[in-house]
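Take a look at the structure set out below.
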Amino acid sequence: MLVKNLLPAFVAIGSAAAQSGTCSVSGGTTTINSQADATGLASCRTVRGSVVIGSNAGPNIDISGPGQITGDLKVLNNGLIENLQSNDLTTIGGAFELKNVTKLTTVNMAKLASAKEIEWDTVTNIESVTLGPINKVDDVRISITSLRSLDFLDLGNVASLKLDNNARLSKFSSTLRTLSKSLILASNGIGGIGLEVELPNLVWAVELDINNVTSFSVPSLKTVNGSARFGSNFFQSFSAPNLTATTSGDISFISNAKLTNATFPKLEAIAGGLTIANNTLLDELSGFSKLKSIGGAVLLRGNFESVEFPALDNVRGAFDASSSADISDSCEAFDKLAPQNEGGNGAIQGTYECTSNNTQANEDTDGSTSGDGSSGSGGDKDNGAASMALNTAFFAVIALAGFAVAL
Ligand SMILES: *[C@@H]1O[C@H](CO)[C@@H](O)[C@H](O)[C@H]1NC(C)=O
Ligand SMILES: *[C@@H]1O[C@H](CO)[C@@H](O)[C@H](O)[C@H]1NC(C)=O
Ligand SMILES: *[C@@H]1O[C@H](CO)[C@@H](O)[C@H](O)[C@H]1NC(C)=O
Ligand SMILES: *[C@@H]1O[C@H](CO)[C@@H](O)[C@H](O)[C@H]1NC(C)=O
Ligand SMILES: *[C@@H]1O[C@H](CO)[C@@H](O)[C@H](O)[C@H]1NC(C)=O
Ligand SMILES: *[C@@H]1O[C@H](CO)[C@@H](O)[C@H](O)[C@H]1NC(C)=O
Ligand SMILES: *[C@@H]1O[C@H](CO)[C@@H](O)[C@H](O)[C@H]1NC(C)=O
């Protein structure tokens, strides 16, 4: 098939192109169904278009020769290939896709340093990956794999990074500096609950959606341009020691069952809402010592014994705090910030509620019922809470998918 495709292409391009080592095929896709097809590419320096390794190729495919593939390199729905190799490939202009490649154990492309996207999904036998490492890539998604390490990624500035359902991945440590779209983590590690994350150089990120991790360290993080959501994690403490603001989104912590201490010592402004709900061991909420301004609504639900926001002087949306314990001292302080028609100074512009002894305080993580069990008082509650509920449903689906591969 390859030979059939290549021949007319060479004829069409003529000898100049062949001498410069550029090979292209009509239709833009070269399909490799055997090692012989792969060897047919060995004299090309650059392959114009995409290379697809067909579902019957394997067990060993070596595509050494080309230094560059201008389009994608894809292996799809292949249950035969075990080893994929290239000694020369440095650049993939499009996506490096491995999807439903269930026997693949080794990828060895020691010069590969650049690809527009990495998209690996259902690569359930992979043991060893050697890349350049990859240091130039826009988007990375690694889902449902047996990878134990991601050392083949040397990330600096990326748009998006999503890691989910990688059952053997217990640690992710990266020199990542900026994330112009999102970081999404869910259901990694044994049982989906074992990932330690260290991002010592991360300075800003647009979206953080962090689920099921055992630790999350971001000592340099200064700005979250969009939202940061932390759901069902297993860390006891979380700190964003350098975070000063979210510039257009929410902060939420929902159902982090072991969390006892969350600190944001430099955080002054949250552009969207703040939701802290169902973190049942978090009994003192006092980590927001500098927080002055919240652009959306505030929803605080838990077993708090005290809740303190000593610097708070502007909440554009509703403020709704409710605890299973007695927080009447904390409520007294917030009463002073209540809307003027409720006797406060008007710092809180939406509806205001602060209640104690609410046995159902942890049952509502999206503000759909009010603290004292009476029906909600309306008002401005349109913060990130609703989108979090959607996210939770979404991750529940991936989590289920993950159990299919788990060990
Ligand atoms: C995965 O690939 C196998 C071949 O190895 C194929 O039989 C199966 O249908 C593919 N699964 C999906 C969901 O495409
Ligand atoms: C995010 O915020 C940082 C710090 O203000 C800024 O340098 C960066 O350009 C912003 N990124 C985006 C994508 O808005
Ligand atoms: C925290 O921010 C300050 C001021 O921007 C900076 O000088 C310092 O290096 C940052 N700390 C870390 C650990 O990045
Ligand atoms: C993983 O996180 C998701 C979303 O936050 C949650 O729905 C799920 O229950 C968590 N899984 C475990 C095992 O905690
Ligand atoms: C609260 O968190 C626990 C885990 O600690 C979880 O089992 C429960 O479903 C959560 N409740 C809600 C309403 O999300
Ligand atoms: C909470 O965490 C902060 C920062 O990591 C630390 O300084 C503080 O001592 C912790 N507080 C408690 C009660 O553990
Ligand atoms: C909460 O319950 C405790 C114990 O029953 C009671 O002493 C306290 O007055 C109650 N607080 C409020 C604000 O209702």
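Only heavy atoms go into these numbers, but all of them, side chains included; no hydrogens, no water, no symmetry mates. For ligands, and for the atoms within them, numbers begin at 1 and follow the listed sequence.
- Close contacts of ligand 1 with Gly79, meaning ligand atoms under 4.0 Å from a residue heavy atom, involve 5 (O).
- Proximity of the aromatic rings of Phe230 and Phe238 is defined here by a centroid distance below 6.0 angstrom, and this criterion is met.
- The distance from ligand 1 to the heavy atoms of Asn100 drops below 4.0 Å at these ligand atoms: 1 (C), 2 (O), 3 (C), 8 (C), 10 (C), 11 (N), 12 (C), 14 (O).
- The immediate protein surroundings of ligand 2, defined as residues with any heavy atom under 4.0 Å of it, consist of Trp204, Val206, Thr223, Asn225.
- The shortest N or O to N or O distance between Asn77 and ligand 1 is below 3.5 Å.
- With a 6.0 Å radius and a threshold of 12 heavy atoms from other residues, nucleotides or ligands, Gln236 has its CD atom at or below the threshold.
- Under 4.0 Å from ligand 1, not a single heavy atom of Leu80 appears.
- By the 3.5 Å distance cut-off applied to N or O atoms, Ser239 is not counted among the residues near ligand 6.
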Problem set entry | Steps toward salt bridge (charged side-chain N to carboxylate O under 4.0 Å, His left out) verdict (Lys99, Asp121) | CA-CA 5 Å; Lys99 279 197 186 152; Asp121 185 338; 6.0 Å; no
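- A salt bridge links Arg141 with Glu119: the distance from a Lys NZ or Arg NE/NH1/NH2 to an Asp or Glu carboxylate oxygen falls below 4.0 Å.
- The contact set between ligand 1 and Asn78, taken as ligand atoms under 4.0 Å from a residue heavy atom, comprises 5 (O).
- In summary, the side chains of Gln85 and Asn87 do present a donor paired with an acceptor at a separation below 3.5 Å, with no hydrogens or angles considered.
- Classification of Glu207 and Lys181 as a salt-bridged pair fails, no side-chain N sitting under 4.0 Å from a carboxylate O.
- Under the 30°/60° scheme for interplanar angles, the aromatic rings of Trp120 and Phe96 are found to stand perpendicular.
- Aromatic ring centres of Phe319 and Phe334: separated by under 6.0 Å.
- Salt bridge status for Asp139 with Lys162: absent, with no side-chain N to carboxylate O gap under 4.0 Å.
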